[in-house]
Amino acid sequence: MILKNLTRRSNIGQLVNYILKPEKNEKAEPILKHNLRSRSAIGWTKEFESNDALRLYKRSDNIKLNHTILSFSNKDMEHIPKDLLKDISKKFIELRGKDNLYLASSHHDKDHIHLHILMSATKYMTGESNRISKMEFRELKLALDAYQKEKYPVLIHSLPAHGKLNNIHSQNISYPFKDSEKTLSQKQQISEKIEEIYGKVNSSQEFLSQLKFKGLEPYYRGGSVYGVEDQGRHYRFKTLGFDINNLDELDKKQSKEESVLQELSDLRESKNLEKELEDERSIEIENDKETEDNSEDDEYDGLGI
């Protein structure tokens with residue numbers, strides 16, 4: 001199958017309605033839903049929006065949904081029932097991560113079967129970002145291909161040559177949303193990279209170290225970190241939508257965690273010390289008892305007993 005991922009920053013309801021468009025005379029309903037409890041497009045839209053509102057790091061152009069399209073060859077159509085599409089959807093969710101919201105549906109237009117999977121951009125109820133790198137996404141593709149080859153060997157025409165973007169199956173998919181197809185600007189790419197880093201670190205020092213590791217060199221003004229440098233160009237955190245005060249919150253959180261760990265360590269040491277003192281007391285008591293017993297023996301010996 002050909003696998004392509006698009007992103008969506010607005011109009012969640014429009015995209016939900018699009019993937020659920022009825023097929024011929026069939027009722028518009030999903031093939032699969034995961035971590036969703038509603039029974040209608042309106043309800044699923046509200047769940048996606050409510051989950052996105054919990055995100056830990058917010059800015060005006062956050063990605064709200066990932067829209068993944070899996071397309072199959074028209075030569076394999078007779079071998080692709082709904083049960084197969086449901087199983088492929090489950091495998092995709094397993095590989096991508098079960099901590100997200102998912103809604104899957106299929107389109108059979110233009111003599112090709114397309115499987116559409118919507119995934120929340122944040123984990124279910126935690127607000128954590130769930131971005132993956134290009135390398136991780138490629139590994140997901142390969143794992144899904146391997147699964148298809150092993151379980152559905154009959155789909156011989158739907159095995160892709162990854163990297164050939166002009167494949168006919170991807171050309172025949174129509175996308176009604178222009179902003180999903182836009183190439184991210186350099187600024188947007190840096191902004192998303194910063195968001196990803198921030199979601200994984202525990203201190204400002206670790207944040208700055210990870211920026212350097214990812215090729216973004218921090219630059220300073222007035223003794224404070226002010227932004228990042230990439231390919232000779234400076235980007236202020238403010239223009240990237242990143243609040244520098246978030247770093248203070250990280251350090252406060254780390255300080256609190258360290259304080260709790262220190263208290264636990266002190267408590268363990270205190271308990272160990274108490275145990276050592278109790279052991280010493282026990283030894284002293286045993287020694288005193290042994291001394292008393294020896295004294296009695298000596299007294300008996302003096303009496304000739």
Side-chain angles (χ1 to χ4, degrees), residues 5-20 29-70 86-105 115-133 136-137 139-140 143-144 177 180 191-204 206-207 210 241-243 245-257 260-261:
N5 188 69
L6 307 175
T7 56
R8 188 70 173 158
R9 291 177 167 79
S10 61
N11 298 327
I12 293 177
Q14 188 180 9
L15 187 54
V16 169
N17 287 327
Y18 167 70
I19 74 160
L20 291 174
E29 58 183 16
I31 286 178
L32 182 69
K33 56 181 182 174
H34 179 78
N35 285 334
L36 291 169
R37 294 178 173 79
S38 301
R39 298 182 179 180
S40 67
I42 294 176
W44 297 320
T45 298
K46 288 182 178 179
E47 287 188 71
F48 276 119
E49 290 175 339
S50 297
N51 191 71
D52 186 73
L54 298 174
R55 66 167 61 243
L56 300 177
Y57 175 51
K58 300 178 182 180
R59 63 169 198 267
S60 59
D61 62 343
N62 278 125
I63 293 173
K64 298 184 180 299
L65 284 180
N66 286 286
H67 178 194
T68 302
I69 302 119
L70 296 87
K86 185 175 182 179
D87 182 59
I88 292 291
S89 299
K90 285 183 177 180
K91 187 61 179 180
F92 176 83
I93 291 172
E94 177 187 326
L95 293 170
R96 187 61 178 85
K98 295 182 178 181
D99 294 334
N100 309 315
L101 304 179
Y102 291 92
L103 187 67
S105 184
L115 183 59
H116 295 263
I117 303 177
L118 300 187
M119 184 192 78
S120 60
T122 54
K123 294 181 180 180
Y124 179 52
M125 297 298 289
T126 70
E128 296 178 74
S129 175
N130 56 12
R131 285 175 51 82
I132 58 175
S133 66
E136 290 171 324
F137 188 67
E139 290 174 354
L140 185 153
L144 204 57
F177 310 114
S180 296
S191 183
E192 291 192 3
K193 189 179 292 186
I194 288 174
E195 176 186 352
E196 179 183 3
I197 292 171
Y198 177 75
K200 295 180 179 180
V201 299
N202 298 311
S203 69
S204 59
E206 187 181 359
F207 175 77
Q210 284 299 311
F242 180 74
D243 186 354
N245 292 323
N246 288 334
L247 298 182
D248 293 333
E249 293 300 320
L250 275 181
D251 288 336
K252 288 178 182 177
K253 180 181 178 181
Q254 185 190 39
S255 178
K256 185 177 180 180
E257 290 176 351
V260 171
L261 290 174

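- Qualifying side-chain contact (heavy atoms from CB on, under 4.5 Å) partners for Glu196, counting only residues two or more places apart in sequence or in other chains: Arg131, Lys200.
- For the atom pair Ile12 CD1 and Glu47 CD, the distance stands at 11.5 Å (nearest 0.5 Å).
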With side-chain contact (heavy atoms from CB on, under 4.5 Å) as the test, would you mind laying out the steps for Leu70 and Ile88 before giving the verdict? CA-CA 9 Å; Leu70 296 87; Ile88 292 291; 4.0 Å; yes
Check against side-chain contact (heavy atoms from CB on, under 4.5 Å), Met119 and Thr68: CA-CA 8 Å; Met119 184 192 78; Thr68 302; 5.9 Å; no
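- The two residues Ala104 and Ser89 make their nearest non-hydrogen contact at CB-OG, 3.8 Å.
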For side-chain contact (heavy atoms from CB on, under 4.5 Å), just list the numbers for Asn66 and Thr7, CA-CA rounded to whole Å, side-chain angles, deciding distance to a tenth of an Å, and then say yes or no. CA-CA 5 Å; Asn66 286 286; Thr7 56; 3.8 Å; yes
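- Summarising the geometry, atom CG belonging to Leu36 is positioned 8.5 Å from atom OH belonging to Tyr124; distances are rounded to the nearest 0.5 Å.
- By the 6.0 Å contact criterion, CG on Leu56 is enclosed, its count of non-hydrogen atoms from other residues, nucleotides or ligands being greater than 12.
- For the pair Ser105 (side chain) and Ile19 (backbone), a donor-acceptor distance under 3.5 Å is present.
- Expressed to the nearest 0.5 Å, how far CD of Glu29 lies from CZ of Arg39 amounts to 12.5 Å.
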Full working for side-chain contact (heavy atoms from CB on, under 4.5 Å) between Trp44 and Leu118: CA-CA 11 Å; Trp44 297 320; Leu118 300 187; over 6 Å; no
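- Put simply, the side chain of Asn130 gets close to the backbone of Ser120: a donor and an acceptor are under 3.5 Å apart.
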Worked verdict on Glu49 versus Lys46 for salt bridge (charged side-chain N to carboxylate O under 4.0 Å, His left out): CA-CA 5 Å; Glu49 290 175 339; Lys46 288 182 178 179; over 6 Å; no
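- Between Asn62 and Arg9, the closest heavy-atom pair is O-CG, 3.6 Å.
- The backbone N or O of Lys98 sits less than 3.5 Å from a side-chain atom of His34, completing a donor-acceptor pair.
- If you take NZ on Lys64 and CG on Leu15, they are separated by 13.0 Å, rounding to the nearest 0.5 Å.
- For the ring-ring contact (aromatic ring centres under 6.0 Å, His included) test, residues two or more places apart in sequence or in another chain that qualify with Tyr198 are Tyr57, Phe242.
- Once rounded to the nearest 0.5 Å, the distance linking NE2 of His67 with CZ of Arg8 reads 10.0 Å.
- Residues meeting the side-chain contact (heavy atoms from CB on, under 4.5 Å) test with Glu136, sequence neighbours left out: Ile132, Ser133.
- Interatomic distance, Phe92 CZ to Leu115 CG, rounded to the nearest 0.5 Å: 9.0 Å.
- A search for side-chain contact (heavy atoms from CB on, under 4.5 Å) contacts involving Asn17 returns Ala41, not counting sequence neighbours.
- By the 4.5 Å heavy-atom criterion applied to side chains, Asp99 and Thr126 are not counted as neighbours.
- Taking the side-chain contact (heavy atoms from CB on, under 4.5 Å) definition, one finds that Thr122 meets it with Asn51, Arg55, sequence neighbours left out.
- When the side chain to side chain donor-acceptor pair (under 3.5 Å) test is applied to Lys193, no partner is found at least two apart in sequence or on another chain.
- When atom types are taken as modelled, the side chain of Lys90 and the backbone of Leu32 share no donor-acceptor pair closer than 3.5 angstrom.
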